[in-house]
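Since the model is a prediction, treat every value here as computed from it, not as a measurement.
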Amino acid sequence: MPTTLKKLHARFRSRLSTLDSAFDRSVVSPSVYRRLDRSALQEGLVSSLWQTWCAFCRQIVIASTAGTVTANGMNTASAFIGRPEAEIAYAAMQLARSRPIGVIRPIGGHHLEPTWGDLNKFSLIVAGLAPTNRNAMLTALGACVLIPDLQLCRNSSAHISAEGIRQLRTASVRYSNPKFDHPSDLIFWIDPSTQDYVWKTWIDEAEIFSDFAIL
């Protein structure tokens with residue numbers, strides 16, 4: 001049986017804490033001062049947080065679909081219970097593309113897997129795979145108000161383009177002090193609801209989501 005959701009949750013929260021501590025150090029005791037070096041550090045933090053988020057979303061969906069135990073001690077089940085991870089990933093890929101699953105086969109490689117942390121795709125996947133704890137995962141998405149901007153920050157930093165800059169400027173209306181020289185500067189925009197860095201909001205939302213998604 002796959003690792004329990006409670007264990008996946010503990011690993012995720014530990015990783016979030018490690019990344020948040022790294023962010024705090026970069027603010028309180030910056031180790032780099034040149035713009036290029038600072039942007040590279042910020043981009044690394046954003047990329048690591050996004051990958052950590054996506055990995056957790058993937059893990060809880062795969063585990064729940066294959067059959068695991070929730071934090072409440074309930075066994076999960078689905079129409080795909082017992083299937084190999086690669087086959088569940090294939091079904092998820094089809095669902096994320098709004099395609100019928102069809103004949104299930106192992107996915108052709110990790111690069112073909114869906115973007116698990118994309119909230120729209122996550123919803124399609126969970127609803128389509130329909131594990132018995134799907135309501136917990138879908139309800140937990142209510143905590144994810146600004147997580148989509150983490151995805152925007154990651155993509156616009158990794159693939160700098162005019163379109164990415166336009167999307168950043170569109171998103172800036174949601175924040176106070178939305179200045180940037182590099183897309184990764186978004187982590188220092190101020191969330192008006194908390195009067196703190198949006199990075200902190202991403203961490204908070206990810207933690208709240210994880211607390212409820214594993215129930």
Side-chain angles (χ1 to χ4, degrees), residues 1-32 38-66 68-72 76 85 88-89 92 96 110-111 113-119 121-123 125-126 131 133 136-158 183-189 191 194 196-215:
M1 179 176 288
T3 302
T4 65
L5 297 187
K6 193 172 183 179
K7 289 182 179 179
L8 293 175
H9 174 259
R11 293 174 189 171
F12 179 60
R13 291 293 296 262
S14 176
R15 181 59 175 162
L16 288 181
S17 178
T18 297
L19 289 172
D20 196 31
S21 294
F23 173 83
D24 289 342
R25 289 194 300 273
S26 74
V27 174
V28 177
S29 302
S31 59
V32 294
R38 186 175 67 248
S39 297
L41 174 61
Q42 293 170 186
E43 185 176 345
L45 285 171
V46 169
S47 179
S48 294
L49 181 56
W50 175 246
Q51 290 181 64
T52 297
W53 165 254
C54 287
F56 179 69
C57 290
R58 180 186 190 279
Q59 289 165 355
I60 61 173
V61 172
I62 294 285
S64 297
T65 303
T68 188
V69 180
T70 70
N72 288 333
T76 67
E85 184 176 301
I88 297 174
H110 183 73
H111 64 288
E113 291 197 15
T115 305
W116 297 89
D118 182 298
L119 302 190
K121 294 179 181 178
F122 182 88
S123 295
I125 293 167
V126 172
N133 61 330
M137 289 189 281
L138 294 175
T139 300
L141 289 177
C144 304
V145 178
L146 295 182
I147 285 287
D149 287 342
L150 168 59
Q151 183 177 12
L152 170 61
C153 185
R154 183 268 172 188
N155 289 344
S156 59
S157 296
S184 65
D185 291 336
L186 193 159
I187 62 177
F188 296 118
W189 291 3
D191 176 2
T194 63
D196 205 345
Y197 297 126
V198 67
W199 170 276
K200 293 295 184 179
T201 298
W202 293 338
I203 294 292
D204 289 344
E205 289 186 359
E207 289 179 342
I208 295 171
F209 168 85
S210 70
D211 291 346
F212 287 95
I214 64 169
L215 297 178

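- In this structure, Val46 and Cys153 approach most closely via the heavy-atom pair CG2-SG, 3.8 Å.
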Begin from the C-alpha positions of Met137 and Phe122 and carry the test side chain to side chain contact (heavy atoms under 4.5 Å, CB included) through to its verdict. CA-CA 9 Å; Met137 289 189 281; Phe122 182 88; 4.2 Å; yes
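- Of the residues listed (Leu186, Asp191, Val27), the one engaging Tyr197 in a side-chain contact (heavy atoms from CB on, under 4.5 Å) is Val27, and it is the only one.
- Side-chain contact between Arg58 and Glu85 is present, with at least one heavy-atom pair separated by less than 4.5 Å.
- Within 6.0 Å of the CZ atom in Phe188, the count of heavy atoms belonging to other residues, nucleotides or ligands exceeds 12.
- Taking the side chain as every heavy atom from C-beta outward, Leu19 and Trp202 never approach each other to under 4.5 Å.
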So Gln51 and Ser47, side-chain hydrogen bond (donor to acceptor under 3.5 Å, both in side chains) or not? Walk me through it. CA-CA 6 Å; Gln51 290 181 64; Ser47 179; 2.9 Å; yes
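- The line from CD1 of Ile214 to NZ of Lys6 is 8.0 Å long, rounded to the nearest 0.5 Å.
- Heavy-atom neighbours of Lys200 NZ from other residues, nucleotides or ligands within 6.0 Å: above the threshold of 12.
- Looking at heavy atoms from C-beta onward, Trp53 lies in side-chain contact with Phe12 at the 4.5 angstrom threshold.
- Contact record, Leu41 with Ser26: CD2-CB, 4.1 Å, taken as the closest heavy-atom pair.
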Would Asp211 and His9 satisfy side chain to side chain contact (heavy atoms under 4.5 Å, CB included), going step by step from the backbone distance to the final call? CA-CA 7 Å; Asp211 291 346; His9 174 259; 2.8 Å; yes
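- Using a 3.5 Å distance cut-off with no hydrogens or angles, the side chains of Glu43 and Ser39 do not pair a donor with an acceptor.
- Asn133 and Thr70 are not linked by any side-chain donor-acceptor pair at a separation below 3.5 angstrom, with hydrogens and angles left out of the test.
- With hydrogens and angles ignored, the 3.5 Å screen pairs no side-chain donor or acceptor of Ser48 with any backbone N or O of Leu45.
- Aromatic ring pairs are classed by plane angle as parallel below 30°, tilted from 30° to 60° and perpendicular above 60°; the pair Trp199 and Phe23 is parallel.
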